[in-house]
Structure formats: structure tokens, C-alpha cells
Protein chains: 2
Amino acid sequence: MSSSSRHSGADLSAAQDRFIAAWGQMGSTWGISRTMAEVHALLYILGQPLCTDDVMARLKISRGNASMSLRALLDWGVVARVHKRGDRKEYFAAEQDVWALTQAILRERVKREIRPVLGALYEIRELTGGRAPSGESERAQRLGEHNRRVDDMIELVRTLEQLSAKLTELPPDALRGTASALQADNDLGEER
Amino acid sequence: MSSSSRHSGADLSAAQDRFIAAWGQMGSTWGISRTMAEVHALLYILGQPLCTDDVMARLKISRGNASMSLRALLDWGVVARVHKRGDRKEYFAAEQDVWALTQAILRERVKREIRPVLGALYEIRELTGGRAPSGESERAQRLGEHNRRVDDMIELVRTLEQLSAKLTELPPDALRGTASALQADNDLGEER
DNA sequence: AAGAACTTTCAAAATGTTCTGAAACCTTGT
DNA sequence: ACAAGGTTTCAGAACATTTTGAAAGTTCTT
């Protein structure tokens, strides 16, 4: 019995649907709307460009929703426009390299979430002065501790930002290398 | 003019409020409810244990909400119960080490989000067979590509999980070290 | 420049999430 | 065992997000 004969044509389609559902679920626990994640999953798992109508039909969503989701995915840089000769429709294709994908997502999340928070933290820090308080009064004491806490948080967020910057600047291949190293390292650890 | 004299008592309180608001904002872009993030921010920035009524009063939220949020924070392991002698109330204190905090959050998110997705991906992978298809037909071809995509995604998610495991197992001090190294490295890069 | 093909926008409706407040439930001291 | 003090639960209200579908906008072709 050949390996492929064990699977009917329905299997592929079913697997695609499950993949889309799983990815949609995942997305919704991350600030990405379920539909947007599903559209991305669809484009990724099919591996071929689709037009708005294809997406609408397969996911059973409205034209407006499909349009919005595709546009957002373009903004995130995880989906690209594709033009087909002799066809006026626009087609959309998902990034197929999962590491490049991860970098794009990371980059976007840093830009949207880390940066603004860091800005707010700096402003907050300035409210209570740039230097350690001089006095030894209880109030000076408390002010000092407060500033220490804000500074700690700033350091943390800055570090996360820098870590992300490092990761997003690396070529995707480098990340793949890191991944295997991590993998090997971990396997070793478990055998001990 | 001394440094501390430039700041009235109102400054500290205002800075605390702004910190709480910023943290709440941040939390809501991450699947954590705004109130839960605010309660955490309050306990962190005050640096002293508070009881349910204190939290209700300062954040102007209902008893039910305060109770739910505190319980969730306990589940996440970022807030601890504190008992005061001669007082029957329970008090709650936030983890003050921001690295330990980060580890707790990472651990919990992996448990809640990465694990289930990985499980789903394995199931999906099994729908289309454990081995590469033998034939060269178009269908076999497509099945092969589909499996490659699912496998890529599995590898990615596994790597993320392992990376997180590494980070959460390290003592917080080690992370602090990594952070400074990253910092120095980056500063160097910018001066070049 | 008119028409056809396609895309984007937007206000209203559907859906989903969070919050409240009162009642039920524990737990401890007398 | 009761009462006082404290915590949790939960159904409904308030709030926020997402989706729809139709209208307006854009761009290409003839």
C-alpha cells in the first residue's frame, strides 16, 4: 500500500481547515483579530496567491472584512500583493519563510506596543525628577524607591526592545541556525 | 534648591496614576484585561501589600472585579498573598524583581498559548500521513508541500517553546547579566 | 470620456468581553 | 454554634470589538 493512497483528497482540505482554525485561535489570544489570522493561515497553507473573492468564498466572510484583513496583513508585511498577467484582480500571497514571518511580526509588535510604553515610562520618570532625592525624610525615601521601580521597568522594556532589534536585523537563515543549536543543546540536556 | 524640593507630594501620586494607566494600556494589547494589569501595576508601583478594599478604593472598581483580578494575578504567579499579624484581611504584594516577573509571564503564556497550538499542529500533521508521499502525481506533490509547511510551522513553534523554557529556567540574575551584555554590545555598535 | 471591474470605506448590527453589585459562601474568634 | 469579617460567584448591564453590506471610490480598457 502506497503512502499517498492512504489519504483521500478530503484529507488535504480538512487539514487545511484545521490549520486555519488553529492559527485563528492563536491569533485571537495575541491582539490579532481571528479573521485576520485566518486569512493569513489560508494564504500560508495554500502556498499560492488568492484574490479577495477566493478568500471571501473559502472563509465565508464579507467583502469588507476580507478587504480590511488583507490590508492589515499587508501593513504587517506578512502578505504581499501579486499581479497576474492578463488579470486585473489583485492577488495576495503569504510569506512562506516562517522565520521571516516571525521577524515581521516581532518588528511590528515592537513598533506598536513597546515604543509607546517606553515613551510613557520616560515621561513618568520625569514627573519625579531626574536625580535621586537628597533628603532622608520618609517622603524622600519613598520617592527614591518609586524612581528605582520605574527605572527597573524602563531597563526591562529597553532590553526587550534591543533584543527584538537584534533578532529582526539578523538574516532569517541566522535564526534558523540558532534554532537548530538550541534544539541540539536541549536534546543533549534531556539525555543526561 | 534641593532636588527633592522641586516636587510636591502630588507628584508621586500623579506619577503612580500615570504608571498604572500605562501598564493597563499595555496589558490590554496583550490578552490581559486592563483592570488586571492595573491592579498589578498598582501593587508593583506602591511596593507594599494592599488588601482588596485598598485596591477597590484606589482603582474605583467593584469588589467582584477586584477579587477576580487578584485571583488571576495569583494564578499567574506575579502577585503573592501576604498575611499581617493581628489582621484578618488578606493582603497582596506584587513581585518586585522585574526579571522574575517577566519569567512568570513568559512561563504562563507558553503554558496557555504555545502548548495547545503545538498539540493542534501535531494532530493536523497526522491527518496527512507521517511520511513523504511516494507518487509524483500532482496530488502527491501538493500533499508534500502542505506537509512541508506544517512541519516548518511545528519547528518554529517548538523552537519558541524551547527558547522560553531556557529563559524561564535561568535564575533572574542571569537574565540581568544578559541584558547588560546586550546593552553594551548595542552601544558599541552605535558608536562605530 | 464612459463603462466595466475591482477595491475601499463606513454606519449599523452582531458578537464578544469586562464590570458590577448583591447573594452565597467560607473561616475565625468567642 | 453563632456572629462577624472577609472572599468568591454569577447573572445581567455596560462597554468594546468585529463583521456586514451597500455605497462611494479608483483604475483600467475601449
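Here the structure is a predicted model, which means the values were calculated and not measured. The figures that follow rest on heavy atoms only: side chains count, while hydrogens, waters and symmetry mates do not. By convention in this document, chain letters (A, B, ...) are assigned in the order of the sequence lines, proteins followed by strands, and residues within each chain are numbered from 1.
- Counting non-hydrogen atoms of neighbouring residues, nucleotides and ligands closer than 6.0 angstrom, the CD atom of B/Q25 reaches no more than 12 such neighbours.
- Distance CZ (B/R71) to P (D/dT7): 13 Å, rounded to an integer number of Å.
- Here the P atom of nucleotide D/dT26 and the CD atom of A/E90 are 15 Å apart, to the nearest Å.
- Two different hydrophobic clusters hold A/W76 and A/Y91 under the rule that ILVMFWY side chains link at heavy-atom gaps under 4.5 Å.
- In this structure, B/H83 places its NE2 atom 12 Å from C1' of D/dT7, rounding to the nearest Å.
- Here C/dT7 presents its C1' atom at 14 Å from CG of A/D87, a figure rounded to the nearest Å.
- Regarding A/L74, its CG atom lies at a distance of 12 Å from the P atom of C/dT7, rounded to whole Å.
- Taking atom CE of A/M56 as the reference point, atom P of C/dT8 lies 13 Å away to the nearest angstrom.
- No chain of hydrophobic side-chain contacts below 4.5 Å, direct or via other Ile, Leu, Val, Met, Phe, Trp or Tyr residues, connects A/F92 to A/M68.
- When only modelled atom types and interatomic distance are considered, A/N147 and A/T128 share a side-chain donor-acceptor pair under 3.5 Å.
- A/L70 has its CG atom 13 Å from the C1' atom of C/dC6, to the nearest Å.
- Hydrophobic clustering of Ile, Leu, Val, Met, Phe, Trp and Tyr side chains at less than 4.5 Å, counting indirect connections, unites A/V110 with A/I154.
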Identify all pairs in which a protein N or O lies below 3.5 Å from an N or O of nucleotides 15-22 of chain D, and state each distance.
unit_1: D/dT19; atom_1: OP1; unit_2: A/T35; atom_2: OG1; d: 2.5
unit_1: D/dT19; atom_1: OP2; unit_2: A/T35; atom_2: OG1; d: 3.2
unit_1: D/dT19; atom_1: O5'; unit_2: A/N65; atom_2: ND2; d: 3.4
unit_1: D/dT20; atom_1: OP2; unit_2: A/S62; atom_2: N; d: 2.8
unit_1: D/dT20; atom_1: OP2; unit_2: A/S62; atom_2: OG; d: 3.1
unit_1: D/dT20; atom_1: OP2; unit_2: A/N65; atom_2: ND2; d: 3.2

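- Between A/K89 and A/D53 the shortest heavy-atom distance is CD-OD2, 4.2 Å.
- With rounding to whole Å, B/R81 atom CZ is found 15 Å from D/dG6 atom P.
- Using a 4.0 Å cut-off, no side-chain N or O of B/S67 falls inside it from OP1 or OP2 of D/dT7.
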The contact string for nucleotides 24-30 of chain C, one letter per nucleotide 5' to 3', using protein heavy atoms under 4.0 Å with B, S and - for base, sugar-phosphate only and none, comes out as ---B---
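- Not one N or O on the side chain of A/Q16 forms a donor-acceptor pair closer than 3.5 Å with the backbone of A/L46.
- Hydrophobic cluster membership is shared by A/L74 and A/I105, with clusters built from Ile, Leu, Val, Met, Phe, Trp and Tyr side chains linked at under 4.5 angstrom.
- Between A/G77 and A/A104, the shortest heavy-atom contact is O-CB, 4.1 Å.
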